[in-house]
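Structure first, commentary second.
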Amino acid sequence: MLESSCLCGANRVSFEGDISVKMRCHCIDCRKFSGSTNTNNLGLPIAGLKILQGTLKTYTKEVATGNTMTSHFCGDCGSTLYRISSFSDKWVSVMIGGIDGLQTVEDSKADVELFVKYRPSWMAPIEGAKQEEGTWLPEH
Ligand SMILES: [Zn+2]
Ligand SMILES: [Zn+2]
């Protein structure tokens, strides 16, 4: 089981189940909401998501595929802990930076990179990771 928390500590969530995919995303939305060049995420079953403490705010935006992505974030400190797509009610995209414990991040090297067309020229591709020009959708 993984536990995740925001910067101020008011919100805590846990995730149970197997990781279906490890993704790095270079899309412009990921840049904007993270404030960085990309995001790194784990696909986990939504059924295993449990709120342990606090109430996360949500923000929903339509993405290029016509689906929506809803960010779940702390209204006080701004940390986004996970995102849910309208594409599937089965999985949740968990931001690896919020996960507590250093080992999970160590073990979360992406197996697929999305929107590599937006990756800055000074950033190297992840060795062995599938390279996708645009989006990529998991099995329903
Ligand atoms: Zn917070
Ligand atoms: Zn993205």
Side-chain angles (χ1 to χ4, degrees):
M1 190 183 67
L2 300 173
E3 279 196 26
S4 176
S5 59
C6 63
L7 183 61
C8 75
N11 289 281
R12 300 192 59 77
V13 298
S14 66
F15 303 95
E16 220 160 339
D18 293 333
I19 295 165
S20 57
V21 65
K22 302 169 186 175
M23 300 171 278
R24 168 174 279 184
C25 186
H26 299 276
C27 84
I28 305 300
D29 283 1
C30 280
R31 268 190 201 177
K32 286 289 181 186
F33 86 82
S34 72
S36 188
T37 53
N38 61 78
T39 62
N40 291 276
N41 316 283
L42 301 176
L44 280 151
I46 214 165
L49 164 64
K50 196 194 264 180
I51 306 294
L52 303 177
Q53 182 187 308
T55 306
L56 292 164
K57 279 196 160 188
T58 60
Y59 174 74
T60 299
K61 185 174 187 287
E62 191 174 317
V63 294
T65 55
N67 295 301
T68 58
M69 279 297 276
T70 300
S71 295
H72 295 251
F73 62 97
C74 176
D76 289 322
C77 73
S79 297
T80 299
L81 297 187
Y82 58 90
R83 302 180 89 207
I84 294 174
S85 171
S86 61
F87 173 73
S88 172
D89 57 2
K90 291 202 174 71
W91 69 281
V92 53
S93 178
V94 179
M95 315 292 298
I96 67 171
I99 296 169
D100 298 316
L102 299 176
Q103 191 58 42
T104 303
V105 173
E106 182 61 32
D107 296 339
S108 295
K109 181 182 161 191
D111 33 54
V112 59
E113 287 193 80
L114 313 181
F115 292 95
V116 296
K117 60 186 175 186
Y118 297 129
R119 181 175 52 217
S121 61
W122 46 261
M123 183 177 286
I126 295 171
E127 208 187 318
K130 198 163 183 264
Q131 303 289 306
E132 294 282 354
E133 277 298 302
T135 192
W136 167 90
L137 297 169
E139 302 285 323
H140 275 73

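Counting convention: from 1, in listed order, for ligands and their atoms alike. Values reported hereafter were calculated over all heavy atoms of this structure, with side chains retained and with hydrogens, waters and symmetry mates removed.
- Among Val94, Asp100, Ile99, Ile96, the single residue meeting the side chain to side chain contact (heavy atoms under 4.5 Å, CB included) criterion with Leu2 is Ile99.
- Proximity of Phe115 to Asn38: side-chain heavy atoms (C-beta onward) are nowhere separated by under 4.5 Å.
- If you put the vertex on the Zn ion (ligand 1), SG of Cys6 and SG of Cys8 sit 110° apart, to the nearest 10°.
- Using the six-membered ring where Trp is involved, His72 and Tyr82 have ring planes that are parallel, under 30° apart on the 30 and 60° scheme.
- Rounded to 10°, the angle formed at the Zn ion (ligand 1) by SG of Cys74 and SG of Cys77 is 100°.
- Of the inter-residue distances, the one linking Asp76 atom CG with Cys8 atom SG reads 5.5 Å to the nearest 0.5 angstrom.
- To the nearest 0.5 Å, atom SG of residue Cys25 and atom OH of residue Tyr118 are 10.0 Å apart.
- Under 2.8 Å from the Zn ion (ligand 2), one finds the following protein N/O/S atoms: Cys25 SG, Cys27 SG, Cys30 SG.
- Rounding to the nearest 0.5 angstrom, the gap separating the OG1 atom in Thr39 from the CE atom in Met23 is 7.5 Å.
- You'll find the side chain of Arg24 reaches within 4.5 Å of the side chain of Ile126, heavy atoms only.
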